Chemist: 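Below you'll find the structure I mean.
Reminder, nothing fancy here: chain letters follow the sequence lines and each chain counts from 1. Please read all numbers here as calculations on a predicted model, not as lab measurements.
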Amino acid sequence: MEGLFFNVNGGYVEGIVRGYRNSLLSGQNYNNLTQCETIDDVKLQLGPAYGDFLAALPPNPSTSALAGKMTDKMVSEFRYLIAQSVGSTAKFLEYLTYGYMIDNIALLITGTLHERDTRELLERCHPLGWFETLPVLCVATNIEELYNSVLIETPLAAYFKGSLSHQDLDELNIEIVRNTLYKNYLEDFYNFVNSHPDFAGPTQEVMSEILQFEADRRSINITLNSFGTELSKQERRKLYPEFGNLYPEGSLMLSRAEDVEGVALAVSAVADYKNFFDAVGLSQGGGGLGGMGGGPADGKSLEDLFYQKEMEMSKVLFTRQFTPAVVYGWMKLKEQEIRNVTWISECIAQNQKERIGNFISVF
Amino acid sequence: MASATTYKDRQLLAVIGDEDSVTGLLLAGIGHVTEGAGGQRNFLVVDAKTETSQIEQAFQNFTQERKDIAVLLINQHVAERIRHSLDSFADPFPAVLEIPSKDHPYDPEKDSVLKRVRRLFGE
Amino acid sequence: MSGAVGREPVFPTRQSLGLMKSKLKGAETGHSLLKRKSEALTKRFREITRRIDEAKQKMGRVMQIAAFSLAEVSYAVGGDIGYQVQESAKQARFRVRAKQENVSGVFLPQFESYTQEGVNDFALTGLGKGGQQIQRCRETYARAVETLVELASLQTAFLILDEVIKVVNRRVNAIEHVIIPRTENTIKYINSELDELDREEFYRLKKVSGKKQRDNAAADAEILAARQKAAAEEAGKSPAAEEPGAADVLGEQEDNDVIF
């Protein structure tokens, strides 16, 4: 029943995204890419998928230029989608951009704090996190002005309000600000897909799952990365999103964890995460933080496993119909693809062929 | 011969290079911003838009004006742009070291110091 | 030879001859010492040059590995951390300390890297994701920078040694080709002057003594004549035996004069 009227508004967008999905690089493409000798070869291999976007690149471009062009393509495709969507689907797509906006705002805050010319920063901003009023923020010369304009001008006001004051922007480490915003964003997004009547059914189901995973991943990462820093346990706890498979018991245990073993214990309730920790050998206690860096024998780190899991979930999203969640899946897959290609070309450019297989391909 | 006072307080490393090199070296912890208003940084990011005069100025600043820099690291392709300054700079302090960057592998032929080595041995 | 090198402007006296002789001796000792110093330095210099060459090659590899670890970071973070890193840098954590090493009296600085404890500008960078890669990257780069610092020490040593060796060699050559020949020339000059003086003196003394002899002979003859006259006047006794003895004494005095 829930799919009955979906196609009235969202059918076209969904169709387009399914088309986009087919142009994602497959295992075969990656195989070809890993055989390349130069960046030019890589460029050639990417030709069918990226076409015109790579044409402007000079011969033997730098990897960052290549990645930039690939991102451009993703951005233009996404812009097309957002232009074609209406109603709740459009709102959903907007939510997807908020994550990038947070990064952009964090960048501007950093620039303003150090009294740099923030206009120069605009081109460093992620194009997906671009919104019309972003340049307005550059007018702000001190942090209080910036804070006020963020509240007025940006869709992120809700994430600032209530959890961050303008003094906080000044005093807290930018990473804490960023993660606080991200936490609020995830919670809001989760709330949005769960409460909006249009999303009842498949969207709510799959998005809840994937957002819960995202929330857990952030909590775990924050905990692991905070060891050995001045981040206190109370502050750390404030950064955990208040939902997810680990919430509330796991989060509580995470907030108390003092070492990697504590984290492993906290996540052991969820089978997937337990497997990850077992796979990288963290739960044995022998690994420690150093071991985590070095990674286990097969070269996969915890982050790699999380990415792998995310990609699989994104892939599974496409088995669902009548939902804008496929856009989310496509974006994640596309981002991973750009990362993969960057990695491969980096390996080629720097003659580190032995690690070239260290990317994640799910097709 | 350098007297002891000229380098006892030289503790810092400085870097002029492309974004990746600078980021990496800063991650290693060499970054330093002097305290007080208008704090001076000990690094300069050079990209395609950076004027040669800016590089030149940073080079003079790090080698002549600042007395707290012991080693100046400079990307070789950046060094190429101000080669004449490098060639004419002969003081032992700070030590100027040409380093490779990600996109420009190291070429010993261009190194000012190695050139001197070669010349000395008549190669 | 003497025209090109010249000699010191001294009076040809015995005192300055002594001075010159000790100067020559000093110059010779100095020359051999400096020569040895120069050899020691050159040996060191060649060693450093070789090590620089090696270290530069090594640097190429190390920097490549480090750059690759940065690629890992950008893979894990999925974005650019450059700007943030540049802005968060405040206090240098990685510093160097200069030590001195004494090589044949030349002080060569040795940079020694150390990390300032408790300073960490990037502890929270990558908190959300990629933190582990960033930590790893930091370690890799810290190791790379250590290599760079090592190379910097070598290079500084190279520049200083280069300079010092030039100075020492200049001194060695100056002593060998200027100071020693000039001192030798001076000694030769003084000797010849002194000989000349001696010969003049000898001649003068000879002249004087000849004159004295003649005077004495005249006086003696007078005395003899007087005595003979007296003897002839007093008695028929002869005191002629004393006269050759007096001539002998005169001859001896003459010899003494020449030697003294």
Chemist: What part of B/Leu73 is in contact with chain C, defined as an atom under 4.5 angstrom from a non-hydrogen atom: side chain, backbone, both or neither?
Modeler: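 For B/Leu73, side-chain heavy atoms alone lie under 4.5 Å from chain C.
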
Chemist: Taking all non-hydrogen atoms of both residues into account, name the closest pair between B/Ile55 and B/Ile16 and its distance.
Modeler: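 Heavy atoms of B/Ile55 and B/Ile16 come nearest at CG2-CG2, 4.2 Å.
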
Chemist: Quick one: side chain to side chain contact (heavy atoms under 4.5 Å, CB included) partners of C/Glu150, sequence neighbours excluded?
Modeler: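 C/Glu150: no side chain to side chain contact (heavy atoms under 4.5 Å, CB included) contacts found.
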
Chemist: Less than 4.5 Å to any heavy atom of chain B: does that hold for the side chain of C/Gln86, its backbone, both, or neither?
Modeler: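 Both backbone and side chain.
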
Chemist: Relative to each other, are the rings of B/Phe89 and B/Phe59 parallel, tilted or perpendicular (30° and 60° limits)?
Modeler: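 Perpendicular: the ring planes of B/Phe89 and B/Phe59 meet at over 60°.
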
Chemist: Side chains of B/Asp18 and B/Ser21 only: does a donor on one sit below 3.5 Å from an acceptor on the other?
Modeler: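 There is such a pair between these side chains.
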
Chemist: What part of C/Tyr114 gets within 4.5 angstrom of chain B, counting heavy atoms only: side chain, backbone, both, or neither?
Modeler: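 For C/Tyr114, side-chain heavy atoms alone lie under 4.5 Å from chain B.
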
Chemist: Taking B/Ile99, B/Val33, B/Thr23, B/Leu97 one by one, which has the highest count of heavy-atom pairs under 4.5 Å against chain C?
Modeler: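 Maximum pair count with chain C is reached by B/Leu97.
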
Chemist: Just so I understand: if I count every heavy-atom pair under 4.5 Å between each of B/Leu27, B/Ile30, B/Val96, B/Asp20 and chain C, which residue has the most?
Modeler: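 Going by pairs under 4.5 Å, I would pick B/Leu27.
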
Chemist: Testing C/Lys43, C/Arg51, C/Arg50, C/Arg44 for salt bridge (Lys or Arg N to Asp or Glu O under 4.0 Å) with C/Glu47, which one passes?
Modeler: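 With C/Glu47 as partner, salt bridge (Lys or Arg N to Asp or Glu O under 4.0 Å) holds for just one option, C/Arg51.
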
Chemist: Can you tell me which portion of C/Leu148 sits under 4.5 Å from chain B's heavy atoms? Options are side chain, backbone, both or neither.
Modeler: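 For C/Leu148, backbone and side chain are both near chain B.
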
Chemist: On a heavy-atom basis, which atom in B/Val22 and which in B/Phe43 lie closest, and how many Å separate them?
Modeler: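 B/Val22 and B/Phe43 have their closest heavy atoms at CG1-CD1, 4.0 Å.
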
Chemist: So which part of C/Glu139 gets closer than 4.5 Å to some heavy atom of chain B, the side chain, the backbone, both or neither?
Modeler: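 Neither; nothing under 4.5 Å.
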
Chemist: Is C/Val96 in contact with chain B via its backbone, its side chain, both, or neither, using a 4.5 Å heavy-atom distance?
Modeler: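 Answer is both: backbone and side chain atoms of C/Val96 are under 4.5 Å from chain B.
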
Chemist: In terms of heavy-atom pairs under 4.5 Å with chain B, which of C/Ala142, C/Ala152, C/Ala67, C/Gly60 leads?
Modeler: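 Among C/Ala142, C/Ala152, C/Ala67, C/Gly60, the one with the most close pairs to chain B is C/Ala152.
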
Chemist: Tell me if a side-chain donor or acceptor on B/Asp47 pairs with a main-chain N or O of B/Thr50 at a distance below 3.5 Å.
Modeler: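 The answer is yes, because a donor-acceptor pair under 3.5 Å joins these two groups.
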
